[in-house]
Amino acid sequence: MREEFGDGVKARRRFVAIGDSFTEGVGDPSNVLPNGVRGWADRVAEKLAKAEPGWEYANLAVRSKRLRHIIDEQLEPAVAMEPTLITLYAGGNDILDFGTDMDALLNDYELLVARLSETGATLVLFTGFDVKVSAVLEPFKKRNTLYNQRVRDIAAKYGAVLVDYWCFDAYKDQRMWAPDRLHMSKAGHKYLAAQVLDHLNVPHKFSPKDWDPPTRLSMREWERRQRRWVNDWVVPLFGRKLRGVTLGDALSPRWPQPVKVPRKGGLKKLMEKATQ
């Protein structure tokens with residue numbers, strides 16, 4: 001780990017996460033942390049600090065942000081923090097937008113990666129998962145496949161660490177997903193944190209859930225759940241798209257400035273101190 005992020009215990013170590021809801025932590029609720037979520041990036045920051053005290057952490061990700069927003073709002077603040085570790089997932093929301101030009105999107109994505117790579121930080125990129133939620137989203141599968149292949153190529157070109165989320169069979173279990181079926185559940189975020197830490201050779205004790213096989217649903221129960229999902233999540237999602245509004249419009253980044261992560265108690269301890 002020290003070879004990856006600096007020499008000696010006095011070297012500055014700063015982790016900056018940028019992106020959208022995937023990195024903000026949506027699907028992993030918390031009643032004490034900013035924006036009401038926790039997520040995989042918080043967990044990675046805590047394990048980094050536990051393994052090697054002194055790590056600082058900023059998370060600029062905000063749900064619903066498109067790639068252009070991440071470039072305009074997060075890129076320069078992230079670079080200015082002089083990070084030693086950067087994680088980036090961006091473009092997933094663009095894939096689900098009507099009329100997205102994938103070539104233009106991926107060209108902009110590469111320009112963003114190129115700029116981040118100039119910092120000299122260890123850069124972690126992610127492919128996107130092929131979420132099997134409904135035939136409603138099947139038309140976007142071709143876009144996702146193209147996105148993932150280009151991300152793999154770009155990661156190789158710029159020497160980035162690639163977390164190939166697409167290949168993780170564990171996410172075929174519906175219990176790894178939140179009720180909206182588009183964001184990871186708490187278990188899903190913990191599993192991804194373990195994958196990131198493994199790629200960075202950082203010790204941790206996260207282990208996959210040892211679940212019983214899922215209960216087979218009757219046709220009536222399956223149809224009932226499908227209707228509820230469409231009414232609760234799909235209709236509001238497309239309604240927001242038509243109105244040009246997002247769930248992130250009124251939100252700020254969870255950790256907009258680097259915070260020193262406590263080795264014991266993690267970020268929850270930091271919040272407790274801030275409210276005393």
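Side-chain contact between Val37 and Asp42: absent, with no pair of heavy atoms (C-beta onward) separated by less than 4.5 Å. Within the 4.5 Å cutoff, no side-chain heavy atoms of Leu88 are placed close to those of Val124. Considering only heavy atoms from C-beta on, Val161 comes within 4.5 Å of Thr122 through its side chain. The closest side-chain heavy-atom distance from Val44 to Tyr57 is not below 4.5 Å. A heavy-atom distance below 4.5 Å is found between the side chains of Leu162 and Thr127. Side-chain atoms of Asp108 and Glu110, non-hydrogen and from C-beta on, never get closer than 4.5 Å to each other. Counting heavy atoms from C-beta on, the side chains of Val261 and Phe15 never come closer than 4.5 Å. The side-chain heavy atoms of Ser207 and Lys190, taken from C-beta on, include no pair separated by under 4.5 Å.
One finds the CH2 atom of Trp255 at 12.5 Å from the CD atom of Glu24 (value rounded to the nearest 0.5 Å). Here NZ of Lys268 is found 5.5 Å from OG of Ser30. Values are rounded to the nearest 0.5 Å.
You'll find the ring centres of Trp40 and Phe206 outside the 6.0 Å limit. The aromatic ring centres of Tyr165 and Tyr89 sit 6.0 Å or more apart. Here the two rings, on Trp177 and Tyr171, have centers that are under 6.0 Å apart.
Counting only N and O atoms by type, the side chains of Asp198 and His204 include a donor and acceptor under 3.5 Å apart. For the 3.5 Å distance criterion, the side chains of His183 and Asp180 qualify, holding a donor opposite an acceptor. Side chains of Thr100 and Asp97: no donor on one and acceptor on the other come within 3.5 Å.
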Report task. Could you give me the CA-CA distance, side-chain angles and deciding distance for Phe22 and Leu182, then say whether side-chain contact (heavy atoms from CB on, under 4.5 Å) is met? Result -> CA-CA 9 Å; Phe22 174 87; Leu182 291 174; over 6 Å; no
Query - Stepwise side-chain contact (heavy atoms from CB on, under 4.5 Å) check, Thr145 with Asn148 - result: CA-CA 5 Å; Thr145 301; Asn148 286 342; 6.0 Å; no
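Between Asp28 and Arg43 there is a salt bridge, with a side-chain nitrogen of the basic residue lying less than 4.0 Å from a carboxylate oxygen of the acidic one. Look at Glu56 and Lys260 and you find no salt bridge, because none of the NZ, NE, NH1 or NH2 atoms lies under 4.0 Å from a carboxylate O. Looking at Arg63 and Asp20, no side-chain N of the basic residue comes within less than 4.0 Å of a carboxylate O on the acidic one, giving no salt bridge. A salt bridge does not link Asp94 to Arg143: none of the charged side-chain nitrogens sits closer than 4.0 Å to a carboxylate oxygen. Glu46 and Arg38 are joined by a salt bridge, as a carboxylate oxygen and a charged side-chain nitrogen come within less than 4.0 angstrom of each other. For the pair Arg150 and Asp153, the salt-bridge criterion is not met [side-chain N within less than 4.0 Å of a carboxylate O]. For the pair Glu73 and Lys65, the salt-bridge criterion is met [side-chain N within less than 4.0 Å of a carboxylate O]. The pair Lys269-Glu272 does not meet the salt-bridge criterion, since no charged nitrogen lies less than 4.0 angstrom from a carboxylate oxygen.
Considering all non-hydrogen atoms of both residues, Ile70 and Ile18 come closest at CG2-CD1, 4.3 Å. The two residues Leu85 and Ala121 have their closest heavy-atom pair at N-CB, 3.9 Å.
Using modelled atom types, one side-chain atom of Asn59 and one backbone atom of Ala61 make a donor-acceptor pair closer than 3.5 Å. Distance alone, capped at 3.5 Å, is enough to place a donor-acceptor pair between the Asn107 side chain and the Asp103 backbone.
No continuous path of ILVMFWY side-chain contacts below 4.5 Å connects Leu251 to Leu67, so the two sit in separate hydrophobic clusters. In the hydrophobic cluster analysis, where Ile, Leu, Val, Met, Phe, Trp and Tyr join through side-chain heavy atoms closer than 4.5 angstrom, Val113 is grouped apart from Leu111.
Counting heavy-atom neighbours within 6.0 Å of Gln174 CD, excluding the residue itself, gives a total of 12 or less.
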